[in-house]
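Working notes, beginning with the structure itself.
Residues take their numbers from the sequence shown, with the count starting at 1. Source: prediction; values computed, not measured.
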Amino acid sequence: MALGDRMAWSFSQSSALVSVNFDEFSSRENGDPSRQTRESEAPAEADPGSAATSLAYLPHAVFLREFRHEGFEEYAPMKPSQSVLDSKWRPKDRVMQMKTSCVALVMCLNIGVDPPDVIKISPCARMECWIDPFSVTGAKVLDRIGKSLHAQYERWQPRARYGLELDPTIEEVKKLCCSCRKNAKSERVLFHYNGHGVPKPTANGEIWVFNKGYTQYIPLPISELDSWLKTPTMYVFDCAAAGVIVNALIERHEWNSSGASGSSNDCILFAACEAQETLPQSDEFPADLFTSCLTTPIKMALHWFCSRSLLHDSIDHSLIDKIPGRQNDRKTLLGELNWIFTAVTDTIAWDVLPHDLFQRLFRQDLLVACLFRNFLLAERIMRTANCNPISYPLLPPTHQHRMWDAWDMAVEICLSKLPQLVTDPTAEFQPSPFFTEQLTAFEVWLDHGSEHKKPPEQLPILLQILHSQSHRFRALVLLGRFLDMGHWAVNQALSVGIFPYVLKLLQTKAMELQQILVFIWTKILSLDNGNCSFRDDLVKDGGHTYFIKFLDGMDAYPEQRAMAAFVLAGIVDGYRLGQEACIQANLIHVCLKNLQFANSHEAHTEPLLLQWLCLCLGKLWEDFHEAQLIGLQADAPAILSILLSEPQPEVRAAAVFSLGSLIDVGSESFRDGHGDVEDCDVDEKSKAELRIVKSLLQVLEDGSPLVRAELVVGLARFGFGHKKQLKSIAAAYMQQGSSISSQIVPVLRVECGSMASAGDRMISTSSPTESTEIMHRSPVSDDSSQCSDSGIFVKESTTDGDISQFRSRSLDSAFYSQYLVAMSSLAKDPYPRIAILVRRALAIIGIEHVVSKGAKYNDGSFHQGYLSCQSISSTIGLTRSSSWFDMHSVKLPVIFRTPPVNSPRQNYLTGLRRVCSLEFGPQLCCSQDTVLADPLLGSIGSVGTSEHSLLLRSSIYNWNHRYFSRPLLNASDENEDDLAIRERREKIALDCIANCRRSSITQLNNQIASWDTRFETGAKATLLLPFSPIVVAADENERIRVWNYEDATQLNSFSNHYSSDRGISKLCLVNELDDSLLLVASSEGNIRIWKNYILKGRQKLVTAFSSIQSHRTGVLASNAVVDWQQQSGYLYASSEISSILLWDLEKEQNISFISSSLDSSISALTASQVRGGQIVAGFVDGSVRIFDVRTPDMPVCATRLHTQRAEKVVGIGFLPELDQFKIVSASQAGDIQFLDIRNHSEAYLTIDAHRGSLTAFAIHRHAPVIASGSSKQIFKVFSLDGDQLSIIKYYPTLMAQRIGSVTCLNFHPYKVLLAAAAADACVSIYADDNYEAR
């Protein structure tokens, strides 16, 4: 069942069991534990020839395809000015937020006297405000009409001030207008003019009033009237040829639009007819038909409808005046008709008007909205009388809109019940099916609509339905489905005016609405992206407490509570009022309680909840000293530190961010030395920060760049607050003439097993080596630090730059040395943007020289792909003290941008702002927007700018913010096209596997392609892609080139990295049956994984990490060996150590290690592609061992195959059989040994392939062939029986040129193809005689 269906189903079952279960999408995005069975268990005794058994070679697991591995540049946070929400639905213009506060009613009826220019028919319309002026004699009838008009307007705007003038003079009109403007001040004034008893307006736009004796008609220039009323104003002209007045007013306002009298946007006009038209005189209408439509729309609509419907003969028109109920009571007939009318007219306006005009006319002023709704009815009715009412702003024709049919049907249904309700007041009122039908129509649109189709016209109706408790729940569910369709849907809903309704619903205590309301607010805030407009309203109305209570409850699903945490994080993100309000509501303790429950609960905890609890806490106490103290007092660091070993990188990164945000970089109270915090509290805070940094260093070797980037930001905050001590330590190293980078040893290394969850796949969790002793003291004493009796803390007052600190900041020099070593290690991070971040952080602290000597790059600078379009000239304009920043020490690009508005309260770190610094972008080159991290620094040139503005800022919140902006309810696991591609490739692979097993290979010397890679140092590694005629080659300098060997064209060329440490170890494919990724392993153990590597210039770095982190003290890896196992998702790595490290690429985490218990290091390593978790390793001393990760302490098999000449194993692997009991190993001495592990006392077959010169070895995954290469310019192909099938010495050219020294051999995974790379930079591809090109 789809998530949306499950949500709707669960909603329909019981209001007490409402749930919006997000299990499906959360398992996709955060890892489903059930996915741990990764097709890794193949039957040991299966038939090798069966296609079903061959599926063991085709694992279905896909890795590195999570949200964090997508194109992060697509989710770069917008600047506030770019917010698509605020500019479209929440107007900022003063005029658009106005209300009508005064109403002037002027009626010139002169009852009993017809105007001289009007010839009336007989019988003609006589009713004025539904009163017959000839039914009552004397002057009282005029007063009754005036009071009736007043009452009609007062129903729409009861709080306005009203003024009434009946048959007035010019002086009386002027007095009324001036009084209204005085009382209204800057708000809108409505002027209503009824001119049924005076002549038509003049051609100049003059209206008529009377003299004092009522003997003359006196013209009133519209310019004078407008000068009295000024702007903003709203005019209603109910008289013949009213269009003349409208034209005159528009012309006047446009003429004066640039003057003091205001613009034409400040004026709204309604006129009963156009300039050349007269008013309808038919007696079926009232004389003031236009006014009746504007002020009494329901009554007018019913009278008009009855005269034209089939109910004409069955309903007495007098019953219309007896409709029971009130207009504001929706449970009565009159109230429901008014409710339906509002929904219909809103829908028509929404459908035909631009959204900004709809907002202005229908959502800003209650009276304006009512009159425009009623104007739509006036247009429909009066057009039947050949009269065209006009308005300004001009509305398109709506009299034939399809929604009028829905209104007619609703009216007919209601009128059919009218006689019974009038005769029997006790009769039960049955609601109209109008709203139910409209909800059904909206649901149909949701099933078939999209962004590219016309928006649903039922949105305004949905808003009206929210008023009804009976329909509210279903309406909210459908609204949630609509908002889930994307930001365009959120914009549509906000533009129609949904925001004040869902804000008000937060005050309800209905349990059944909680979960869907949280979901709706999640979708709204997911598109807000730092816009304070929502947060102001939420905090002002106490809406934050609604989400805190929801988060604190345990009834909802974890995913739903994660949404509440997301909303709360948005409320406190850089918003001090929100932070203070949430602290008062005890949010910190609520979040920590949930984290403690998750840590102590043995059941699986939803990672999304953990992630957003951490982010919410981090944003709550980010740069907020009071919140930091509360967090420290609640032991938050200890609670958060447990999450640093969570299997999900997103959770670990969020925990690192939250811990880093707890580090205080200085506040106003501390700087002034007048803080209210006691000295002992300061010491405790410094001790807590020490524990925080030690906890953060646990993830120093984390496999996820997301986590390490947050680590850099957190360490940079600590370094900024302790820069004086760090400078002293750094200066000591420089005095010795060395840099910290040359001292790199394991720092605060946590045992590998502690990074894995307990009981994870039954893998050992003990450390490969005992934790290395860290540096205990700096090379020379630090005179600037005085140790206390404990040797850790003393109190000091320092002045550095423009910041005075009175803090317990002096820790022992050993810890500062550890900090520098950690930063120096991160400065050589394989992910380039992390390395750049570290160097910027060190430069800000003023100790960039500790790594500058050890950092060597091509041409003395980074590649432009690392720095994008940033240049060294970006540092021009930097104004800082040379005591902490020396631009000559390192070529460091720094970007300065205008900082956003500071926090409202200036006593908290006024220089710190929330800026989007880490815009994760996994590609390595080509675009400025594709960087992992790009610190946005403050403008330093301005006077008084704080140094805090230079701090690196995390953007993990901004990146995670985009998670909820994607569809969550109906997202499919995989695209149909991707599934079709996979099915096609599986079929191809199975056919090829069957062919490989059936074919009898006699020789393999048919050279089908030869490629001069032009590598200066020769090709070091090759890789044949499985489903396209493409070969990938890499050289010693880690230059990677991609070539189509059938078309003989080069497709792409790029560098794996540009640091000074070079050397390639292996090329592997990740997800070879899907959109494959290229895994590149360097000799020093660094792993970089690329996507789009075939497309020229479009390669992107997905992830990078160091698989070997100097597990032997003082020894840097230089001959790392790695292999990838798709079934298990494990990467195995080893180097000059006798242990094998296990990396889980789903977790991006080093989960365990396997110790060989040998002094010799591993020289060759191969993982089984059939049995997940099985690996075979060859050692430098000629030994061979087979391991199973389920029993890491005991090898499956251990023997020394190569005994004659104890030289290192060059290549090793399992034979291409499903039983996997046989292995083959080749040593540098030139012998190839075949071993059956069931009888491992000796090899059952030996081939003397070469004599002391074997340099390359390859085993086909499915075909019974192996190949070996020699430094003596020769390679051979053998069968598994030891028969030599081919020997290649020369290139097949006329000159018979001899091949170069063989450096690498690689078989095609499914075809009998062999790629051979030589030291002369030539890569040749060989096939058997049966090979057929594409």
Side-chain angles (χ1 to χ4, degrees), residues 102-115 117-118 120 124-157 160-177 179-180 189-201 206-214 216-220 222 225 228-229 233-242 245 269-273 278-281 285-296 300 367 371 374 378 389:
C102 287
V103 178
L105 306 177
V106 176
M107 305 190 73
C108 299
L109 297 180
N110 199 15
I111 296 174
V113 180
D114 294 334
D117 58 350
V118 175
K120 293 187 177 182
C124 69
R126 298 169 54 180
M127 305 282 285
E128 296 281 354
C129 294
W130 301 102
I131 297 175
D132 186 351
F134 299 100
S135 62
V136 180
T137 58
K140 291 184 178 180
V141 65
L142 185 59
D143 291 336
R144 285 184 57 191
I145 293 174
K147 291 179 180 179
S148 178
L149 180 62
H150 179 189
Q152 291 171 6
Y153 268 111
E154 199 170 32
R155 185 182 300 117
W156 304 112
Q157 181 60 293
R161 292 190 178 187
Y162 288 85
L164 178 63
E165 291 292 341
L166 303 175
D167 292 346
T169 63
I170 289 181
E171 290 75 14
E172 292 171 338
V173 173
K174 179 179 180 180
K175 181 179 179 181
L176 174 63
C177 292
S179 174
C180 286
V189 174
L190 167 64
F191 180 83
H192 179 101
Y193 174 76
N194 183 324
H196 295 172
V198 294
K200 299 177 182 178
E206 298 168 313
I207 60 176
W208 297 94
V209 291
F210 302 95
N211 63 357
K212 291 184 179 181
Y214 297 99
Q216 292 181 345
Y217 300 110
I218 307 297
L220 172 59
I222 200 67
L225 177 65
W228 300 333
L229 291 172
T233 48
M234 178 166 53
Y235 295 93
V236 177
F237 297 105
D238 189 355
C239 60
I245 311 173
L269 305 174
F270 296 100
C273 58
T278 58
L279 298 178
Q281 296 187 25
F285 301 117
D288 61 345
L289 174 60
F290 186 60
T291 298
S292 297
C293 290
L294 292 183
T295 57
T296 56
M300 187 67 244
L367 184 57
L371 291 182
N374 303 342

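Under the side chain to side chain donor-acceptor pair (under 3.5 Å) criterion, S292 pairs with D288, not counting sequence neighbours. In terms of the side chain to side chain donor-acceptor pair (under 3.5 Å) criterion, Y193 has no residue partners (sequence neighbours excluded). For K147, the side chain to side chain donor-acceptor pair (under 3.5 Å) criterion is met by no residue, not counting sequence neighbours. When the ring-ring contact (aromatic ring centres under 6.0 Å, His included) test is applied to F210, the partners found at least two apart in sequence or on another chain are Y214, Y217. Taking W130 as the reference, H303 meet the ring-ring contact (aromatic ring centres under 6.0 Å, His included) condition, with sequence neighbours excluded. R126 is linked by a salt bridge (charged side-chain N to carboxylate O under 4.0 Å, His left out) to D132, counting only residues two or more places apart in sequence or in another chain. Considering only residues two or more places apart in sequence or on other chains, K174 meets the salt bridge (charged side-chain N to carboxylate O under 4.0 Å, His left out) condition with none of them. For Q157, there are no side chain to side chain donor-acceptor pair (under 3.5 Å) partners at least two apart in sequence or on another chain. Partners of S148 according to the side-chain contact (heavy atoms from CB on, under 4.5 Å) rule, which considers only residues two or more places apart in sequence or in another chain, are C129, I131, Q152. Among residues two or more places apart in sequence or in another chain, the salt bridge (charged side-chain N to carboxylate O under 4.0 Å, His left out) test is passed with D117 by none. Partners of Q216 according to the side-chain contact (heavy atoms from CB on, under 4.5 Å) rule, which considers only residues two or more places apart in sequence or in another chain, are N211, I218.
Atom-to-atom distance recorded for L190:CG and T233:OG1 is 9.5 Å, nearest 0.5 angstrom. Separation of atoms CG (D167) and SG (C108) is listed at 6.0 Å; rounding is to 0.5 Å. Separation of atoms CG (L149) and OG1 (T295) is listed at 6.5 Å; rounding is to 0.5 Å. Rounding to the nearest 0.5 angstrom, the gap separating the CG atom in L225 from the CG atom in L220 is 5.5 Å. Atom-to-atom distance recorded for K175:NZ and T169:OG1 is 10.0 Å, nearest 0.5 angstrom. For the atom pair CZ of F270 and CG of L371, the computed distance is 5.0 Å after rounding to the nearest 0.5 Å.
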Evaluate side-chain contact (heavy atoms from CB on, under 4.5 Å) for R155 paired with T296, printing each intermediate quantity in order.
CA-CA 9 Å; R155 185 182 300 117; T296 56; 4.1 Å; yes
Might you work through the side-chain contact (heavy atoms from CB on, under 4.5 Å) test for K120 and D114, ending with a clear yes or no?
CA-CA 8 Å; K120 293 187 177 182; D114 294 334; 3.4 Å; yes
For N110 and V198, what are the C-alpha separation, side-chain angles and deciding distance, and is it a side-chain contact (heavy atoms from CB on, under 4.5 Å)?
CA-CA 7 Å; N110 199 15; V198 294; 5.8 Å; no
Show the numbers, then the answer: is there a side-chain contact (heavy atoms from CB on, under 4.5 Å) between L105 and H150?
CA-CA 8 Å; L105 306 177; H150 179 189; 4.1 Å; yes
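When all heavy atoms of V209 and P168 are compared, the pair lying nearest together is CB-O, 3.4 Å. Considering every non-hydrogen atom in both F134 and G112, the closest pair reads CE2-CA, 4.3 Å. The shortest non-hydrogen separation linking I145 to P133 is CD1-CB, 4.3 Å. Taking both residues in full, the closest heavy atoms of G197 and P115 are given as C-CG, 3.7 Å, listed atom of the first, atom of the second, then distance. Nearest heavy-atom pair, P389 versus F290, reported as atom, atom and distance to 0.1 Å: CB-CE1, 3.8 Å. Contact between Y153 and Y162 at its shortest, heavy atoms only, is O-OH, 3.1 Å.
In this structure, the side chains of D143 and L166 come closer than 4.5 Å at one or more pairs of heavy atoms. Put simply, the side chain of R161 does not reach to within 4.5 Å of the side chain of V103, judged on heavy atoms. Within the 4.5 Å cutoff, the side chain of N194 has no heavy atoms near those of the V106 side chain. C273 places a side-chain heavy atom less than 4.5 Å from the side chain of L279. A heavy-atom distance below 4.5 Å is not found between the side chains of E128 and V141.
The backbone N or O of L294 lies less than 3.5 Å from a partner atom in the side chain of N374, making a donor-acceptor pair. Using modelled atom types, no side-chain atom of W208 and backbone atom of G195 make a donor-acceptor pair closer than 3.5 Å.
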Listing, residues 234-242 side-chain donor-acceptor contacts under 3.5 Å, not counting sequence neighbours, or none:
residue	atom	partner	partner atom	Å
Y235	OH	D226	OD1	2.8
D238	OD1	H196	NE2	3.1
D238	OD2	T291	N	3.3
D238	OD2	T291	OG1	2.5

